Structure formats: structure tokens, C-alpha cells
Amino acid sequence: SENIKQKQIIMIFLGLGSNLSSTYGDRFKNIDLALSNLKNRNIKLVKKSSFYETNSYPDKNKPKFINIVVSIETILQPKVLMSILITVEENLERKRNKKNDPRTCDIDIIDYNKQVMNIKYNNLNLTIPHKNMTDRNFVLYPLQEICPNWTHPVTKKNIDVLIKNLKTSKNEITKLTENDINKYVK
């Protein structure tokens with residue numbers, strides 16, 4: 001009998017967000033450029049959610065965020081992937097000043113193949129799965145859209161249960177249509 005090695009499918013989910021324009025363009029352009037940047041670095045985009053818009057948190061007077069979740073395939077280990085994500089953010093003029101400041105680009109590793117880990121990179125600490133993801137409608141709704149059967153690796157709760165447990169109401173997030181996006185994009 002022949003030994004046939006099956007390629008293990010690694011499911012990695014990233015959350016991308018923007019609430020500031022950059023010199024390259026508006027919030028949508030920032031996210032599109034971030035995705036293009038990722039594709040040029042051994043990262044294959046598998047699925048992409050719709051754009052979702054939410055108020056800034058905790059200061060609702062700051063510009064609104066747009067967010068997406070993507071699933072990717074890569075051979076990169078989490079620490080290397082994180083370094084690339086930070087480089088992409090910085091290429092898109094991300095400044096790390098104060099927590100919750102407006103930003104041109106924010107990319108988080110939401111889930112890396114159901115693994116649970118803590119990573120230190122420079123002065124940043126990364127927890128996978130992302131430690132605040134269960135409180136974030138802008139992560140859960142797009143994640144549900146592209147992976148409706150997703151389960152949290154720690155709590156083992158299905159995405160539907162996590163959404164049901166959100167403290168924010170459904171009207172605090174808007175799934176943008178092509179028409180909505182065309183109103184914003186010049």
C-alpha cells in the first residue's frame with residue numbers, strides 16, 4: 001500500500017480594519033492595499049468577508065471603522081506572520097501612539113489553526129486566538145460570514161453563540177453594500 005501524505009489544511013483568520021485615510025487613499029483603499037501587500041508575501045487569500053462599519057470605541061466621536069475578516073493560507077509561523085502584518089501596517093502609515101487611537105490600518109491574527117499561544121514580538125504581546133475577539137462585533141459578524149461553523153479554540157463556543165452573547169446590539173454594526181461603498185469611494 002502506498003503512503004499518501006495528505007496536506008494539512010491550516011485555517012488562519014485575520015481581521016483588518018481602518019478608520020483613517022492614508023496618503024494612498026481612503027479606508028477601503030487602505031484595506032485593499034493591505035491585502036495586496038499580504039499576497040506579495042507568501043500569503044494566499046482564501047476568503048474575504050464583506051465590509052462592516054462600526055463606531056470607534058470607546059470614543060464614538062472618532063471616525064468610524066470599516067472592518068473585514070479574511071481566511072488565509074501560508075507556511076509562515078505565527079511570529080513571522082505577525083512581523084509581516086506589522087510591516088504591512090507600517091507601510092500603510094500605521095502609528096502606534098495611544099490605545100484606541102484612529103489608524104490607517106490594523107491587522108490582527110484572529111485564529112491560527114485553532115492553536116492557543118502567546119507570542120512576544122518587540123514590545124508587543126500577542127495572544128492567539130485574539131483575546132478580545134469575543135467582545136468585538138466587527139470580528140464576529142465578518143468571521144461568521146466566511147466561516148459559519150467556526151468554534152472558539154478555548155471556549156469551544158460556536159460563532160452563533162458568541163454573537164448571541166455580544167453586549168453590543170446588532171444595530172451598532174452595518175454590513176456595507178456595494179452602493180454604500182460607492183458613496184464613500186471617490
Side-chain angles (χ1 to χ4, degrees), residues 12-38 45 47-72 81-82 84-111 121-147 150 152 159-160 162-186:
I12 303 169
F13 294 95
L14 305 178
L16 291 86
S18 175
N19 73 335
L20 278 184
S21 294
S22 67
T23 54
Y24 304 106
D26 62 18
R27 303 172 300 165
F28 297 96
K29 185 70 175 170
N30 291 340
I31 288 179
D32 284 343
L33 284 171
L35 293 174
S36 298
N37 258 279
L38 295 175
L45 191 61
K47 275 188 178 177
K48 177 181 143 190
S49 74
S50 302
F51 284 98
Y52 289 77
E53 188 173 55
T54 55
N55 286 323
S56 283
Y57 178 84
D59 184 353
K60 290 185 167 128
N61 295 321
K62 290 185 178 168
K64 287 184 173 188
F65 265 96
I66 57 163
N67 292 278
I68 64 168
V69 168
V70 295
S71 61
I72 62 165
L81 177 60
M82 182 180 177
I84 287 173
L85 300 182
I86 290 168
T87 301
V88 170
E89 289 176 345
E90 289 169 355
N91 288 346
L92 287 164
E93 303 166 355
R94 164 79 189 262
K95 304 283 181 263
R96 290 183 189 278
N97 298 325
K98 288 192 306 227
K99 186 175 167 66
N100 298 320
D101 262 0
R103 55 201 70 157
T104 54
C105 183
D106 185 31
I107 312 172
D108 291 324
I109 300 173
I110 303 300
D111 182 8
Y121 178 80
N122 293 347
N123 60 344
L124 299 171
N125 292 316
L126 172 69
T127 302
I128 300 175
H130 194 284
K131 63 181 184 294
N132 298 322
M133 71 167 293
T134 56
D135 302 325
R136 294 181 169 174
N137 58 1
F138 58 86
V139 170
L140 296 178
Y141 281 102
L143 179 57
Q144 179 192 44
E145 179 186 333
I146 65 169
C147 190
W150 186 86
H152 195 285
I159 188 88
D160 296 334
L162 294 173
I163 287 175
K164 210 165 153 181
N165 293 341
L166 276 171
K167 288 172 182 61
T168 53
S169 68
K170 192 166 183 159
N171 62 10
E172 291 180 45
I173 186 166
T174 306
K175 182 177 178 180
L176 298 178
T177 64
E178 212 51 52
N179 276 347
D180 296 325
I181 295 169
N182 290 335
K183 286 179 204 164
Y184 285 114
V185 179
K186 307 285 180 275

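Just so we're clear, the structure is a prediction, and the values are computed from it rather than from any experiment. We number each residue from 1, following the sequence as shown.
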With sequence neighbours excluded, residues passing side chain to side chain donor-acceptor pair (under 3.5 Å) with Ser49:
none
Side chains of Asn137 and Thr54: is there a donor and an acceptor less than 3.5 Å apart?
no
Between the main-chain N or O of Ile107 and the side-chain N or O of Glu89, is there a donor-acceptor pair closer than 3.5 Å?
yes
Mind checking the OG1-CG spacing from Thr104 to Leu33? Nearest 0.5 Å is all I need.
10.5 Å
Could I get the full list of side chain to side chain donor-acceptor pair (under 3.5 Å) partners for Asp160, not counting sequence neighbours?
Gln144
Just wondering, do Phe51 and Phe28 contact through their side chains at under 4.5 Å, heavy atoms?
yes
With sequence neighbours excluded, residues passing side-chain contact (heavy atoms from CB on, under 4.5 Å) with Lys175
Ser50, Tyr52, Glu145
Has Ser71 got a side-chain atom pairing as donor or acceptor with Ile12's backbone, closer than 3.5 angstrom?
no
Between CG on residue Leu14 and CG on residue Asp106, distance to nearest 0.5 Å:
11.0 Å
How would you list, by chain and number, every residue that makes a side-chain contact (heavy atoms from CB on, under 4.5 Å) with Val139, sequence neighbours excluded?
Ile110, Met133, Arg136
Is Asn67 close to Val69 at the side-chain level, that is, under 4.5 Å between some pair of heavy atoms?
no
Not counting sequence neighbours, which residues clear side-chain contact (heavy atoms from CB on, under 4.5 Å) with Asp111? List them please.
Phe13, Lys114, Trp150, Pro153
Any side-chain heavy atom of Leu16 sitting closer than 4.5 Å to one from Val70?
yes
Heavy-atom side-chain proximity of Leu140 to Leu166 below 4.5 angstrom
yes
CG on Asp32 to CG on Leu92, rounded to 0.5 Å:
10.5 Å
If you look at every heavy atom in Leu126 and Met82, which pair is closest and at what distance?
CD2-SD, 3.4 Å
Residue set satisfying side chain to side chain donor-acceptor pair (under 3.5 Å) with Thr127, at least two apart, ordered chain then number -> Asn118
Which residues share a side-chain contact (heavy atoms from CB on, under 4.5 Å) with Thr177, sequence neighbours left out:
Asn179, Asp180
Determine yes or no for a side-chain-to-main-chain donor-acceptor pair under 3.5 angstrom, with Lys47 supplying the side chain and Ile146 the backbone.
yes
Here the gap from Ile173 atom CD1 to Asn55 atom CG, rounded to the nearest 0.5 Å, amounts to 10.5 Å
If you define the side chain from C-beta out and look only at heavy atoms, does anything of Leu143 sit under 4.5 Å from Leu162?
no
Distance alone, cut at 3.5 Å: any donor-acceptor contact between the side chains of Asn30 and Ser22?
yes
Who passes side chain to side chain donor-acceptor pair (under 3.5 Å) against Asn37, sequence neighbours left out?
Arg41
Which distance, rounded to the nearest 0.5 Å, do you find between the CG of Asn19 and the NZ of Lys62?
8.5 Å
Heavy-atom donor-acceptor pair, Ser56 side chain to Pro63 backbone, under 3.5 Å
yes
Using side-chain contact (heavy atoms from CB on, under 4.5 Å), reason through Leu45 and Leu38 one step at a time and then give a plain yes or no.
CA-CA 8 Å; Leu45 191 61; Leu38 295 175; over 6 Å; no
To the nearest 0.5 Å, what is the distance between CD1 on Ile66 and CD1 on Ile31?
4.0 Å
